[in-house]
Colleague: 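The structure follows.
These numbers come from a predicted model, not from an experiment.
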Amino acid sequence: MFYPRIKDVKPLKDYTLIVAFDNGQIKKYDMRPLIAMPPFDILKDPLLFSMARVEAGGYGISWSDDLDLSEYELWEHGELIANADAPPEG
């Protein structure tokens, strides 16, 4: 199955991520359940959490060479908050 690639990620102070995909959809992903467990527990540090970046090709986001999330995880478990391709309401 094809999953949209990630264009942009914005880490928020409440340990959620706003993830923009190349199909125009934007999803919110709650990192709090993952941060409760290793290896993601190091992301409790707000400065480290804020360093999330899109991996080359948009196949995921990462904080380091050893800590990342795939586009699959973010796409499948993120909450849709905007769809740029949706027709205007009204």
Side-chain angles (χ1 to χ4, degrees):
M1 177 170 203
F2 169 77
Y3 292 98
R5 301 294 174 240
I6 298 168
K7 284 189 350 183
D8 192 32
V9 62
K10 180 178 180 183
L12 302 180
K13 291 183 181 188
D14 66 354
Y15 297 104
T16 60
L17 301 168
I18 302 299
V19 184
F21 291 89
D22 65 1
N23 67 351
Q25 292 190 354
I26 299 172
K27 293 193 174 193
K28 185 174 186 177
Y29 184 86
D30 186 355
M31 285 288 299
R32 289 173 291 190
L34 286 178
I35 288 175
M37 304 177 293
F40 292 98
D41 56 342
I42 64 168
L43 296 177
K44 289 177 184 173
D45 177 339
L47 180 61
L48 185 58
F49 183 77
S50 72
M51 295 178 164
R53 64 185 185 275
V54 178
E55 292 183 345
Y59 292 98
I61 62 165
S62 63
W63 290 268
S64 70
D65 290 340
D66 299 320
L67 196 60
D68 59 16
L69 283 174
S70 69
E71 85 280 8
Y72 167 82
E73 173 65 21
L74 296 162
W75 177 257
E76 287 293 321
H77 299 111
E79 173 190 351
L80 182 64
I81 59 172
N83 187 351
D85 295 334
E89 293 184 19

Colleague: Are I26 and L80 in one and the same hydrophobic cluster, where Ile, Leu, Val, Met, Phe, Trp and Tyr link if side-chain heavy atoms are under 4.5 Å apart?
Modeller: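 No, it is not one cluster - the side chains of I26 and L80 are not joined through contacts under 4.5 Å.
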Colleague: If we check side-chain contact (heavy atoms from CB on, under 4.5 Å) with F49, which of these qualifies: L17, L12, T16?
Modeller: L17
Colleague: Using the rule that two of Ile, Leu, Val, Met, Phe, Trp, Tyr join whenever any of their side-chain heavy atoms come within less than 4.5 Å, decide whether V19 and V54 are in one cluster.
Modeller: yes
Colleague: When you compare the side chain of K28 with that of D14, does any pair of heavy atoms fall below 4.5 Å?
Modeller: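 A side-chain contact under 4.5 Å exists here.
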Colleague: Going from NZ on K27 to CG on N83, what distance comes out if it is rounded to the nearest 0.5 angstrom?
Modeller: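 These two atoms lie 9.5 Å from each other.
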Colleague: Any side-chain heavy atom of I6 within less than 4.5 Å of one from F21?
Modeller: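 I6 reaches F21 side chain to side chain.
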Colleague: Which atom names give the shortest non-hydrogen contact between P11 and S50, and what distance separates them?
Modeller: CG-O, 3.6 Å
Colleague: Do S64 and D66 have side-chain atoms, one donor and one acceptor, less than 3.5 Å apart?
Modeller: no
Colleague: To the closest 0.5 Å, what do you measure between CZ (R53) and CG (D68)?
Modeller: 9.5 Å
Colleague: Is any side-chain heavy atom of L43 less than 4.5 Å from a side-chain heavy atom of L67?
Modeller: yes
Colleague: What's the shortest heavy-atom distance between S62 and E55, and which atoms?
Modeller: CB-OE2, 3.3 Å
Colleague: Under 3.5 Å, side chain of K7 to main-chain N/O of A20, donor-acceptor pair present?
Modeller: no
Colleague: With a 4.5 Å heavy-atom cut-off, do I42 and W63 have their side chains touching?
Modeller: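 Contact flag for I42/W63 side chains = no.
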Colleague: Can you check whether V9 reaches Y29 side chain to side chain, under 4.5 Å on heavy atoms?
Modeller: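 No, side chains not in contact.
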Colleague: Could you pull out the closest heavy-atom pair between I18 and I81, with the gap in Å?
Modeller: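 Taking I18 first and I81 second, the nearest heavy atoms are CD1-CD1, 3.8 Å.
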Colleague: Side chains of S70 and W75, heavy atoms from C-beta outward: is any pair under 4.5 Å?
Modeller: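 S70 vs W75: side chains apart.
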Colleague: Could you pull out every donor-acceptor pair under 3.5 Å between side chains of residues 30-39 and any protein atom, sequence neighbours left out?
Modeller:
residue : atom : partner : partner atom : Å
D30     : OD1  : R32     : N            : 2.9
D30     : OD1  : R32     : NE           : 2.9
D30     : OD2  : R32     : NE           : 3.4
D30     : OD2  : R32     : NH2          : 3.0

Colleague: Same cluster for Y3 and L69 if Ile/Leu/Val/Met/Phe/Trp/Tyr side chains link at under 4.5 Å?
Modeller: yes
